[in-house]
Amino acid sequence: MKPSLKIAMIASECVPFAKTGGLADVVGALPKALRALGHDVIVILPKYSAILDGQFNLRPTLGPIGVWMGNGQEWCAVHTSDYDSVPVYFIESNKYFDRWGLYYDADFNDYQDNSRRFGFFTRAALQLCRDLGFAPDIVHAHDWQTALAPAYLKIWHWNDPVLGGAASVLTIHNIAYQGVYHASDYDYLGLQRGNFTADKFEDHGKINFLKGGIYYADIVNTVSPTFANETRTPEYAHGLAPYLNNKGDNYVGILNGADTERWDPSVDPLIPERYSPANLAGKAVCKRALQRRFLLDVNPKVPVIGVISRLVPQKGLDLLAQTIESIVTNMVVQFVILGAGDKGMEAFYGNLPARYPGRIGSYIGYNEENSHWIEAGADLFLMPSIFEPCGLNQIYSLKYGTLPIVRATGGLDDTIQQYDERTGAGTGFKFLAPTARAIYYTTGWAVSTYYDRPQHIQQMVQAAMAQDYSWGSSARMYLQTYQKALDNKANG
Ligand code: ADP
C-alpha cells in the first residue's frame with residue numbers, strides 16, 4: 001500500500017456540522033483516525049443553512065465552480081473550515097441547501113427535489129476535487145445521498161487527470177433509505193440513458209441511487225459483519241439482496257468505532273461529573289442529576305433505563321410502547337427517554353411522564369447534552385431495534401458502564417456479549433424475538449439481576465467499560481478495504 005493515501009470523503013452529514021444519526025458520527029470520526037495513521041483526508045459536505053459561518057470559522061475558498069449536470073452547467077460556491085484537524089469543504093447552493101432541514105421539512109415531509117439536491121452535491125464534490133487539484137486515491141461515499149459518486153467516476157471521469165486514478169468505496173449506514181425517486185429526474189442527474197437498467201439504476205420504473213452505487217462501487221461495505229450477512233438475505237436487504245450478493249467478497253462489514261474524544265466519561269465535558277472504571281463515584285452523581293432533571297424520584301437504589309433514539313419503527317420503540325406501562329407497573333424501575341420522529345410515538349412518549357410521575361421522564365426533540373447525561377446517569381440502556389446496521393448508542397453505553405439491553409441483530413449482536421448468570425460474564429442482555437413480550441422479559445431479567453445479583457452487575461460494568469471500540473482498529477480495516485478497492489480498480 002502507498003504510505004499515504006489521498007482520500008475524499010463525500011457525505012451529507014458530519015459531526016459537529018450537521019447530524020441526524022450515526023452517519024454523522026462516523027464521518028466526524030473516521031477521517032480523524034485515518035489522518036492519525038498518516039493519510040491525507042478531506043471531507044466534503046453540503047452547506048446547509050444551519051451551518052453558521054461564525055460558529056465554525058467558515059471562509060470562502062476558490063471562485064464559483066461550474067458543475068455539469070445532464071441539462072447544462074450550474075454553479076456553486078465553496079467554503080472551507082479547519083475547525084477540526086481535518087479540512088472540511090462545504091458546497092454552497094442556496095437553491096438546494098438554504099432550507100430548514102437536511103432531508104425534510106419541519107413536518108417530516110421529504111423535500112421533493114432531494115434527488116436533484118444530492119445528485120448535484122455529489123457531482124459538485126467531484127468537481128471540487130478537480131478544481132483543487134486534489135487527486136484522490138479513494139473516493140469514499142456514504143449512503144444513498146452520495147451513492148452516485150462511484151457511478152460518476154466510472155461513467156464520466158475514468159480518463160480524467162485528477163479523478164481517473166480514484167477507486168470508490170460506498171458505505172451503507174442504513175439500507176432502508178435508498179434514494180428512490182421519480183424517473184423524470186434521471187436526465188438531470190446525467191447518468192446516461194443506457195444505464196437506466198434493472199441491474200443499475202432502474203427500480204420498478206423509478207431511480208434507485210443506492211442500487212446504482214452498489215453496482216459501480218469498487219467495494220461496498222456496511223457497518224457491522226452481522227448486518228453484512230443479514231443483508232445478503234431478502235428479509236433484511238429491503239430489496240437489494242441480489243445486488244449485494246452480486247458483489248461477492250466485495251461486500252463486507254466493518255464495525256463502527258466510537259469517537260472517544262466525545263464519548264468517554266473520563267473526559268466528557270457535557271456530563272455533571274466525570275468518572276472512570278477505577279472510580280465510579282461520579283456515575284452516582286450523574287444518576288442523581290439525571291433523576292432530578294427528568295423529575296424522577298431521586299433514589300440511587302432504583303435502576304434507571306435510558307433510551308436515546310430516532311422514533312421510527314426500525315428502532316422497535318413501537319414495540320416498547322406496547323409494554324413500557326406493564327414494565328413500570330410491575331417492576332420497580334425508572335425510564336428516561338430521549339427521541340424525535342414519528343408524531344404518534346412523540347405524543348405517546350411525551351405524555352408518559354404526566355401519567356407515571358417520578359417513574360418515567362422524557363424529552364421529545366434532539367438534544368446533545370441530554371444524550372450524554374442519559375449515557376452517564378442511567379444504569380441500563382434499552383435498544384430493541386428490528387434491524388441495526390451497527391448502532392452507536394450501545395457502544396457509547398459500554399464505555400459509560402450503562403449495561404445495554406438489546407435485540408441480537410446486526411451490530412448490536414456483534415458488540416454486546418450475553419450475560420452468563422452462572423459466572424457474571426458478559427456485557428449486556430440480549431434477546432432475539434422482535435416482540436413486546438421479549439422486551440418485557442429481558443428487561444425483567446436485567447432488573448432482577450440489578451436487585452438480586454449486584455456483584456454480577458459490578459463485574460459486567462467493569463467488563464463493559466474495558467471494551468475497546470475506539471476508531472483505531474476500524475480505521476485500519478477501512479485502509480485494507482481501500483487497498484482492495486484499488487486492486488479491484490487496477491484489475492478492471
Ligand atoms: P441511527 O443512525 O440509525 O439513528 P445510531 O445508533 O447509529 O442510529 O446513531 C444515533 C446517533 O444519534 C447517536 O449518536 C445518538 O446519540 C444520536 N441521537 C439519536 N436521537 C437523538 C436525540 N433525540 N437527541 C440527541 N442525540 C440523538
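Numbering of ligands and ligand atoms starts at 1, following listing order.
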side-chain contact (heavy atoms from CB on, under 4.5 Å) partner of Ile327, the single match among Ile360, Leu382, Val333: Val333
Polar contact flag for Leu23 and ligand 1 (N/O pairs, less than 3.5 Å): no
Other residues, nucleotides, ligands: >12 heavy atoms within 6.0 Å of Gln112 CD: no
Contacting atoms of ligand 1, where contact means under 4.0 angstrom from a heavy atom of Ile308: 16 (O), 18 (N), 21 (C), 27 (C)
Option of least heavy-atom distance to atom 22 (C) of ligand 1 (set: Tyr366, Trp263, Tyr177): Tyr366
Rounded distance (nearest 0.5 Å) linking atom CG of Leu170 with atom NE2 of His140: 7.5 Å
Closest protein heavy atom (residue, atom, distance) for atom 4 (O) of ligand 1: Arg310 NE, 2.7 Å
His173 contact mode with ligand 1 (heavy-atom cut-off under 4.0 Å): neither
Heavy-atom neighbours of Glu369 CD exceed 12 at 6.0 Å: yes
Protein heavy-atom partner closest to atom 2 (O) of ligand 1 - residue, atom, separation in Å: Gly22 N, 2.6 Å
Min heavy-atom dist Cys390 to ligand 1 below 4.0 Å: no
Shortest protein contact, atom 25 (C) of ligand 1 (heavy atom only): Asn367 O, 3.3 Å
Min N/O separation Glu368 to ligand 1 under 3.5 Å: no
Distance, nearest 0.5 Å, that separates CD of Glu388 from CD of Gln394: 6.5 Å
For atom 13 (C) of ligand 1, the option (of Leu392, Asn174, Asn393, Leu412) bearing the nearest heavy atom: Asn393
Whether Phe120 and Tyr96 hold their rings parallel, tilted or perpendicular, with breakpoints at 30° and 60°: tilted
Other residues, nucleotides, ligands: >12 heavy atoms within 6.0 Å of Glu325 CD: yes
Heteroatom distance test (Thr20, ligand 1): nitrogen or oxygen, under 3.5 angstrom: no
Top protein contact for atom 20 (N) of ligand 1, by heavy-atom distance: Ser309 C, 3.7 Å
Proximity of Asp25 to ligand 1 by residue part, where a heavy atom lies under 4.0 Å: side chain
Heavy atom of Lys19, distance to ligand 1 below 4.0 Å: yes
Heavy atom of Tyr363, distance to ligand 1 below 4.0 Å: no
Within the 6.0 Å centroid threshold, strictly below: Phe56 and Phe17: yes
Separation of Ile324 CD1 from Phe335 CZ (nearest 0.5 Å): 4.5 Å
Under-4.0 Å heavy-atom contact with ligand 1, by part of Lys315 that carries it: side chain
Proximity flag Gly365 to ligand 1, non-hydrogen atoms under 4.0 Å: yes
Any side-chain donor near an acceptor of the partner, Asn57 and Ser81, under 3.5 Å: no
Ring pair (Phe, Tyr, Trp, His ring centres under 6.0 Å), paired with Phe118, selected from Tyr177, Phe209, Tyr103: Tyr103
